[in-house]
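Some notes on the structure that comes next.
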Number of protein chains: 2
Amino acid sequence: MPSATVEDYIKQIYLISDQIGIKEVAMGRVADALGVVPGTATTMVKALAAAGLANYAPRVGVSLTGQGHVLALHVLRRHRLIEQFLVEQLGYDWSEVHEEAEQLEHVISERLLERIDKILGHPTVDPHGDPIPSASGEMSESQLESFLQCPLNKTLRIARIADQNPDFLSYIARSGLNPGASVTITLRDSRAESVQLLARGQQLSMGWGAAAKVLVER
Amino acid sequence: MPSATVEDYIKQIYLISDQIGIKEVAMGRVADALGVVPGTATTMVKALAAAGLANYAPRVGVSLTGQGHVLALHVLRRHRLIEQFLVEQLGYDWSEVHEEAEQLEHVISERLLERIDKILGHPTVDPHGDPIPSASGEMSESQLESFLQCPLNKTLRIARIADQNPDFLSYIARSGLNPGASVTITLRDSRAESVQLLARGQQLSMGWGAAAKVLVER
DNA sequence: GTCTTTACTTTGATTTTGCTAAATTATCAT
DNA sequence: ATGATAATTTAGCAAAATCAAAGTAAAGAC
Ligand SMILES: [Mn+2]
Ligand SMILES: [Mn+2]
Ligand SMILES: [Mn+2]
Ligand SMILES: [Mn+2]
């Protein structure tokens, strides 16, 4: 069995690689994501490579092997199903489930996981709109647009918030931008790197960085 | 934060001490309960003592300090509430919850625990009939009698099975001796160390050892 | 093209938890 | 008492995960 630490490294490598769309993830990013000093990341990634979960090229970066990819999706499935369960069945707020899932994902049994999946009716997305990989390890490639790409002056549905930071999430929640809510982008100014939008009847403005993290569908 | 290992040692020391009603627990028993070699138990117990959780007397045994006692009850509360939750809300069988709780007890947050407690309506016993310590760390001292002490030819209610072994538990379940079920002890033969009983209309017989682990109330 | 800054790797140490095998102590039977 | 047996402790070692600090390589600045 992979340790909780190994699972977190593999998951994080997957997530970073997926997010910036690059295969080789730099060690610095890995260290950052896991909150360790760079030397620790180097050592651990070498161990992951020795275990056949990753490919490591010094001074280039790390990528997942097939085996590592499979593990990453399993961990992600556990994480996201747990989040969904906490919200649906235990009255958690979607902005506060991440930390709890971060721990539970490593100890929950296959049996409990599948029971949760069944109770929830085999959900395909978690409370943040993140897709949940299937038991067999497939994940839907969603074609969502962010606030930076979507059409203006059209009513759109918030589909996903691509960030786990509790501060950001509770700002999103307080602004009525939860997954499922409706928005209209009224203006996008690329020189000011700012986006104007209308949600819950309120006028709001967000900067490029934050706007990129909110994904919508029509 | 105490590690999962420390929590398990402390919990086990509490349980053994409680069970045999002796303050100083021998190292051999600790090692057995935790599935480690005796030398490992000695080393760990010394560490527990250094951390102020236990008192260790070489060649005599280990006992809990006040601090250790508080921790033991917290862990036990988590363990038993989780077991109850798995049975009540997730359709687990009471004979198969122990292993799952053994892991979850170390990672569940205070917040999740209290939410579970509330959803279950603040239960006082777990699926095995084991008492659940309160949030403030009090546990009811129950006055239950075992099959070896209870009166004969009276209808009694099974209140608790004092053993976590899945094999034993599923034998109990299959015999219709779940907590809550009714039994009548029809005969006790001390020379044969055997007990005859009637449950679910079936005649059964158990040996001293097994009979001592089934507790009843009137 | 050299120089400086930044990113990354190496080395050596530490903590926690475990093992094996040898040494020690206590207990029990004779 | 004495020797055998059982329980416990010690000593020495190892794996996993981490850090601090020093060394090395690559990239960007001038
Ligand atoms: Mn995690
Ligand atoms: Mn999520
Ligand atoms: Mn445990
Ligand atoms: Mn129990």
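Here is the naming used below: chain letters follow the sequence lines, and residue numbers restart at 1 for every chain. The shown structure was predicted, so the numbers you read here are calculated from the model rather than taken from an experiment.
- As rounded to whole Å, 11 Å separates atom P of C:dT17 from atom CD of B:E7.
- Using the six-membered ring where Trp is involved, B:H79 and B:H98 have ring planes that are tilted, between 30° and 60° apart.
- For the pair B:P133 and B:R77, the tightest heavy-atom approach, listed with the atom from each and the gap, is O-NH1, 2.9 Å.
- Within the 4.0 Å cut-off from OP1 or OP2 of D:dA17, not a single side-chain nitrogen or oxygen of A:T40 is found.
- Looking at B:Q67 and B:T65, their side chains never bring a donor and an acceptor atom within 3.5 Å of each other.
- Following rounding to the nearest Å, B:M44 (CE) and C:dT17 (P) show an atom-to-atom distance of 5 Å.
- Here D:dA7 is the nucleotide among C:dT17, D:dA7, D:dT18 with the atom lying nearest to any side-chain atom of B:R59.
- Regarding B:E24, its CD atom lies at a distance of 15 Å from the P atom of C:dA26, rounded to whole Å.
- Within a 6.0 Å sphere centred on CZ of A:R29, other residues, nucleotides and ligands contribute 12 heavy atoms or fewer.
- Using a 4.0 Å heavy-atom cutoff across all strands shown, A:A41 reaches no nucleic acid atom at all.
- B:A47 comes within contact range of no nucleotide atom at all, as no heavy-atom separation falls under 4.0 Å.
- Each of C:dT9, D:dT9, C:dC8 was ranked by its minimum atom distance to the side chain of A:A26; first place goes to C:dC8.
- Note: OH (B:Y56) to P (D:dT8) measures 9 Å, nearest angstrom.
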Q: Could you please spell out the steps behind the salt bridge (Lys or Arg N to Asp or Glu O under 4.0 Å) verdict for B:R160 and B:E217?
A: CA-CA 9 Å; B:R160 180 177 181 185; B:E217 66 190 356; over 6 Å; no
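- Within the nucleic acid shown, A:T5 comes within 4.0 Å of sugar-phosphate atoms alone, with no base atom in reach, counting heavy atoms only.
- Closest to the B:P38 side chain, of the nucleotides D:dT8, D:dA17, C:dC19, is D:dT8.
- Backbone-only engagement by B:V36 is indicated by non-hydrogen atom pairs under 4.0 Å involving sugar-phosphate atoms exclusively.
- Within the 4.0 angstrom heavy-atom criterion, only backbone atoms of the sugar-phosphate kind lie near B:P58; the bases stay farther away.
- A:G28 comes within 4.0 angstrom of sugar-phosphate atoms only, judged by non-hydrogen atoms across all strands, and of no base.
- In terms of phosphate contacts, B:Y9 brings no side-chain nitrogen or oxygen within less than 4.0 Å of OP1 or OP2 of C:dT17.
- Contact annotation: B:S3 side-chain N/O to C:dT17 OP1/OP2 distance is under 4.0 Å.
- Side-chain N/O atoms of B:K46 include none lying less than 4.0 angstrom from OP1 or OP2 on D:dT9.
- Atom-to-atom, CG of A:L48 to C1' of D:dA17 comes out at 12 Å; the value is rounded to the nearest Å.
- Atom CG in A:L34 sits roughly 14 Å away from atom P in C:dC8 (whole-Å rounding).
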